[in-house]
Amino acid sequence: GVRRLSSPVTGSRVAQAPSISARKCPGTSMAAFPSRSSEAGLGGALFRNRPRRSPSPYTTRDVLARFSDKPSKSLTEEANAYADELEAKREQTNVRMSLLDMDDPDIRGRVILVRADLNCPLEPDKDIVADHQRLLDIIPTIKYIKERGGKILLAGHIDRYIPGKGTIPTSMAPVASKLSELLDEIVTFTAESYGDSVYQLGNALNEGSVAVLENLRLHTEDQDQENSDDLAQKLALICDIFVMDDFADAHLEFASTVGVPRYRQPAVGGLLVEKEMRYLVESIQTPKRPFAAVIGGKRLSEKFEMFNKLLDKVDGVFVGGAIANTFMLARGMFVADSLAEKEEVSHARRLELKAKNKGVQLMLPRDVILADSFNRKALTQRMAYKTLKINTRVPAGWMALDLGPYTPDELVRSFKSAKTIFWNGPVGAAEMEEYSRGSTIVGALCAALGKTNRTSIVGGPDTVKFITKQKFREHITHVSTGSASFMDLMEGKVLPGLNCLTSKPEVRVSEGIPFEAAPVFDLNQEGYGKPIYNPPPEDD
């Protein structure tokens with residue numbers, strides 16, 4: 001069931017909120033962060049000018065060794081510049097504090113505002129959630145907080161598509177109803193997004209309870225999308241801790257994503273964001289090998305940066321979809337009416353050359369299915385790329401729409417031993433069942449590897465939609481929830497919605513080196529400072 005609180009929305013009540021005494025901090029690590037209430041009233045909890053991150057650990061002394069052969073003056077100057085460079089890199093990062101970095105006592109009894117992707121598709125002309133996958137994605141974060149006694153306020157936005165009018169904001173009530181069903185408990189729904197009544201609701205919630213706030217964009221016009229300071233402050237006032245778990249919007253600067261951390265600390269990532277970072281960053285930067293990738297889709301121009309960075313990590317890559325046609329053009333082939341980007345031919349050649357220089361196996365289709373038009377009932381034929389050179393031509397008036405019967409078999413034979421596989425982009429016109437065989441086999445391969453405790457990672461909206469339709473999703477290790485944020489992260493960009501969060505606590509080693517593991521120095525012999533012997537390596 002859903003408990004509804006239906007008082008009208010008003011922004012003016014925030015300034016009129018009564019003074020409320022500060023809560024006691026249950027944990028020591030939270031003591032550095034001011035409570036959302038203070039003796040000065042709600043407004044006293046804001047701290048625009050308070051330093052958000054801990055002091056830099058990089059000092060001149062820490063980096064002098066890098067320039068030990070320089071004169072003292074230039075040494076100091078360069079060391080200072082290097083320290084500044086390290087600090088700048090430290091400030092611009094996607095690796096921030098998450099819920100897992102917080103102590104359990106710091107969560108109990110706290111009002112926690114969770115910014116999540118609640119934009120679920122709705123049934124036409126009905127207030128019923130049609131697809132609740134996005135709610136399933138955030139349930140681990142909700143349960144984690146519930147088990148530790150936190151009070152959860154869920155915030156987000158939702159739109160309804162109306163033919164002729166496009167998408168318009170609508171009420172979050174259907175989401176609260178569906179979430180109540182999924183959690184099998186009462187979920188409170190309030191018709192307000194912020195203000196005194198929401199503040200009081202947070203106080204009144206029992207530990208482990210969940211409340212869904214009204215659509216942030218239903219009554220605030222464009223304040224959220226414009227990153228309004230006013231909205232950010234109002235949201236900061238209703239919580240003690242901010243949790244960013246909306247990876248899909250992490251590439252954008254909204255008041256409800258990057259704005260709230262300006263006024264409320266700690267601001268941490270949720271379990272969904274932590275999982276995205278674990279697989280899209282850690283598993284790809286340090287993969288279990290062999291590491292294979294499948295790149296498909298329509299436009300190389302949209303994936304060049306990601307492709308280029310993947311070539312630094314992978315052992316083999318298969319190129320399919322319309323992107324493969326651009327590579328065919330780069331090899332001097334005639335692709336007729338097949339979708340391709342002539343202006344990206346130089347980029348395709350650069351990628352092939354880089355793969356060759358790095359010893360990466362770059363595979364293109366051996367054969368394709370041609371059609372005389374882009375529709376389900378078109379005439380089709382198989383064409384083999386025998387030489388992949390200029391004497392191979394797609395017949396005029398025909399287009400490549402899927403992999404042929406032999407290419408998927410070769411792909412499976414080559415990649416079935418992979419311990420990590422990454423897939424982005426269908427390898428054919430998979431939106432039509434007649435041309436989805438190649439993508440189905442790639443999806444089955446990713447699912448099979450995932451079922452055998454190997455790492456399979458899938459990203460991109462078209463690819464995710466396809467594997468969900470084919471029921472491969474549950475067997476794949478990680479399915480990214482982002483679209484533009486997924487691409488930006490794969491390209492190595494810093495996401496504003498993650499960079500704004502609280503820095504991870506610094507790890508300091510306080511214990512000395514065990515005597516038997518320390519190198520021994522003979523200070524009386526020539527070569528002072530060099531170890532006489534190397535300690536034995538530790539057992540793996």
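Residue numbers count from 1 along this sequence. What's counted below: heavy atoms across the whole structure, side chains too, no hydrogens, waters or symmetry copies. Quick caveat: nothing in here was measured; it's all calculated off a predicted structure.
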- Item | Point-to-point distance, once rounded to the nearest 0.5 Å, from CD of Glu491 to CZ of Phe304 | 10.5 Å
- Message: For a quick check under 3.5 Å, do Thr190 and Glu214 share a side-chain donor-acceptor pair by atom type?
- Response: no
- Kindly give the heavy-atom pair with the smallest separation between Ser171 and Leu218, and that separation in Å. CA-CD2, 4.3 Å
- Query: Roughly how far, to the nearest 0.5 Å, is the NZ atom of Lys178 from the CG atom of Asp131?
  - Reply: 9.5 Å
- Will you find, in the side chains of Thr257 and Arg115, an N or O donor that is under 3.5 Å from an N or O acceptor? no
- Task: Test Val114 against every option in Ile145, Ile241, Val210 by the side chain to side chain contact (heavy atoms under 4.5 Å, CB included) rule and name the one that passes.
- Result: Ile145
- Message: Could you tell me if the side chain of His157 sits less than 4.5 Å from the side chain of Asp249, heavy atoms only?
- Response: yes
- Note on the structure: Correct closest heavy-atom pair for Pro426 and Thr463 would be CD-OG1, 3.7 Å
- Going by atom types alone, do Asp137 and Gln133 pair a side-chain donor with an acceptor below 3.5 Å? yes
- Residue pair Arg299 / Ser301, side-chain donor-acceptor N/O under 3.5 Å: no
- Task: Sequence neighbours left out, what passes side chain to side chain contact (heavy atoms under 4.5 Å, CB included) with Thr440? Give chain and number order.
- Result: Ser436, Phe466, Gln470, Phe472
- Task: State, with a plain yes or no, whether a side-chain heavy atom of Leu205 is found less than 4.5 Å away from one of Val111.
- Result: no
- Atom NZ of Lys298 with >12 non-hydrogen neighbours under 6.0 angstrom: no
- Query: In Å, rounded to the nearest 0.5 Å, how long is the span from CG of Leu122 to CD1 of Ile128?
  - Reply: 9.5 Å
- side chain to side chain contact (heavy atoms under 4.5 Å, CB included) with Ile162: which residues, sequence neighbours excluded? Arg160, Lys165, Ile168
- Query: For Ile284, which residues count as a side chain to side chain contact (heavy atoms under 4.5 Å, CB included) partner, sequence neighbours excluded?
  - Reply: Phe291, Leu310, Phe422, Ile457, Met490
- Item | Minimum heavy-atom distance Thr420-Ser283, with the two atoms named | CG2-O, 4.4 Å
- Does the side chain of Leu213 reach to within under 4.5 Å of the side chain of Leu113, using non-hydrogen atoms? yes
- Heavy-atom check, side chain of Leu445 versus side chain of Trp423, under 4.5 Å: no
- Query: Can you find a heavy atom in the side chain of Val268 that is under 4.5 Å from one in the side chain of Asp101?
  - Reply: no
- Which atom of Leu252 lies closest to which atom of Val258, heavy atoms considered: O-CG1, 4.0 Å
- With side chains defined as the heavy atoms from C-beta onward, is the minimum distance between Pro169 and Ile158 less than 4.5 Å? no
